[in-house]
Amino acid sequence: MPEEKEKYIVVLGSLLSGIGKGIVSSSICKMLSFYDIKILPLKFDGYLNYDCGTMNPLKHGEVFVLDDKSEVDMDFGTYERFMNADLNGSLSLTGGKLFSEIISRERKGDYLGEDIQIIPHLTGLIQNKVRAAYKENKLDVLLIEVGGTVGDIESGYFIEAMRELALKQDVVFVAVTYVPVIGVVGEQKTKPTQISMRSLMQLGVQPDFLVTRSEKDLQENTRKKIALFANLEPERVIDNHDLESVYLVPGALMEKGFDTALVKALNLSKNTINEALLNRWKGCIPDENGKQKIKISVVGKYVKLHDSYASVREALMHAAHVNGISVEINWLESEELEGADDAKVDQILRGSAGILVPGGFGNRGIDGMLRAIRYAREKRIPYLGICLGMQLMAIEFARNVAGLHDAHSTEFNPVTSNPVISLMESQKGVESKGGTMRLGSWPALLAEGSYARNTYGTDRITERHRHRYEFNNAYREALSSKGLRIGGTTPDGALVEFIEWTDSFGIATQAHPELKSRPESPAPLFREFIAHAKNHGLKNPLA
Ligand code: GLN
């Protein structure tokens, strides 16, 4: 009997990026997982960076961190939130990783005597890598999302590798395209899709399905026209118009029969839905209908691009859902609070049911964040600090409660006489910037009687990290004696992981709990923060 072929779904972007290819990919994985099909996503990004760690969040969106220390594209956040699974870094391929591997192999002599070429060496390496991911994870299906769009010079060789893969294995190609509406009559235009189909076919790839992104539902004549140009039956053109929440996309695609069509196209033997899995997911989808709204102010430095804080935004939504409330995020550029007098600060922050300071790097906006934290403490507004937000909570407390007026982090003032936050011992002497922070999953031990311990309901937890600086242990005593509780440390006690106010609800962690928040398992710290914010908001209705 011939060996069964491996099964892959390749998702390509045609036309333009930023239309939600990551959400379509995540939704495909989710739909098939309802069939108990073992499926995971792998992402290729064509840039020559080795990973996302050195990219600017204002340009590229948030840098996502996995348990295994990998710094990856923010699409991994979407994958993990949909799949409720911890992914590993080998599922992230970049142009940088591929080229660096091929060159180091060449130096070792792996290709002695040969001239190394994009085809077959690089395309061969790619196929080996995706097939290894398929086998190592013992999958029924591997979904491969190709970053960028068809026609980009950066991804041409990768698409060629997928074409070659399809000669030997079962590969279904899904192209995600955009259908714009032009003019007052609201006509849906198909020409851009027609042209992009032609470029895809020039690469030797015939798509098996087209997913069309549009604002409103796809009109029947538009579907027919697109189908004709893509050599497809109209049923293979799947409408994915905008919805209220991204978490509704798997259900919406299932209503169009995309799940059954994929199961059939890949000839998968698992072809019945496990209703329990489907219902569990449906019950966890955040919705705002008829729910009371509270305002949460997020004071950061990358707020111009909300994607810089994508996981924070999602974690707030998951936490709102389990608290039966709806959250409106008030994105505040921290620089706006700098130089403002107290009345102005009050005007900006009044009506916040909770205040959150997320992670960040560099000096810009620090004073504004400190103002917001002081406001939260003095007005007893629930506060959640994440990474930089914890470091600043310690600095604000040191300055305004413990009287250490010049307290600072050596990241922002290397010569402060009170370095409440300083460089971790393990970071001293580290010069290279890529992949050198304290990264990935780390355990922490939570203190008896702390908010942290009560929130997590256990004394030992793990959360993901991405930072170089830490709470300076020389100040533990001075600050705890004034009422700053150390809520948790690393198991050896060496690094402070949680700090807390004792007069009102304020908690901060050196970790990034938002990275593990999912609709089906909301982050405990966000859940607790929103529970307190809900109470506060109900007692102090919006002005
Ligand atoms: N800049 C700080 C550090 O490196 C905080 C980092 C963060 O918020 N992720 O320690």
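Whatever order the structure lists them in is the order used to number ligands and atoms, beginning at 1.
- Below 4.0 Å from some heavy atom of Gly359 lie the following atoms of ligand 1, by number and element: 8 (O).
- Checked against the 6.0 Å centroid threshold, His512 and Phe64 do not count as a close aromatic pair.
- When each atom of ligand 1 is checked for a heavy atom of His512 under 4.0 Å away, the hits are 9 (N).
- With a heavy-atom cut-off of 4.0 Å, Gln391 touches ligand 1 through its side chain alone.
- Proximity to Cys387 (heavy-atom distance under 4.0 Å) selects the following atoms of ligand 1: 5 (C), 6 (C), 7 (C), 8 (O), 9 (N).
- With ligand atoms numbered from 1 in the order given, ligand 1 contributes 6 (C), 7 (C), 9 (N) to contacts under 4.0 Å with heavy atoms of Arg466.
- Nearest protein heavy-atom neighbour of atom 4 (O) of ligand 1: Arg468 N, 3.0 Å.
- Taking the centre of each ring, His318 and Tyr247 come in below the 6.0 Å mark.
- Looking at ligand 1, you won't find any N or O of Ile386 less than 3.5 Å from one of its N or O atoms.
- Looking at Phe82 and Val246, their side chains come closer than 4.5 Å, going by heavy atoms from C-beta outward.
- Of the candidates Pro358, Gly300, Gly360, Gly360 brings a heavy atom nearest to atom 8 (O) of ligand 1.
- Stacking of Arg485 on the aromatic ring of Tyr451 is recorded, both the 6.0 Å distance cut-off and the 45° axial limit being met.
- For Phe158 and Phe44, the ring centers are positioned less than 6.0 Å apart.
- Ring centers of Phe99 and Tyr157: under 6.0 Å apart, within the cut-off.
- Listed by number with element, the atoms of ligand 1 under 4.0 angstrom from any heavy atom of Glu411 are 1 (N), 2 (C), 3 (C).
- Aromatic rings of Phe526 and Phe529 (six-membered ring for Trp) have centroids beyond the 6.0 Å cut-off, not under it.
- Distance from atom 10 (O) of ligand 1 to its nearest protein heavy atom, with residue and atom name: Tyr469 N, 2.8 Å.
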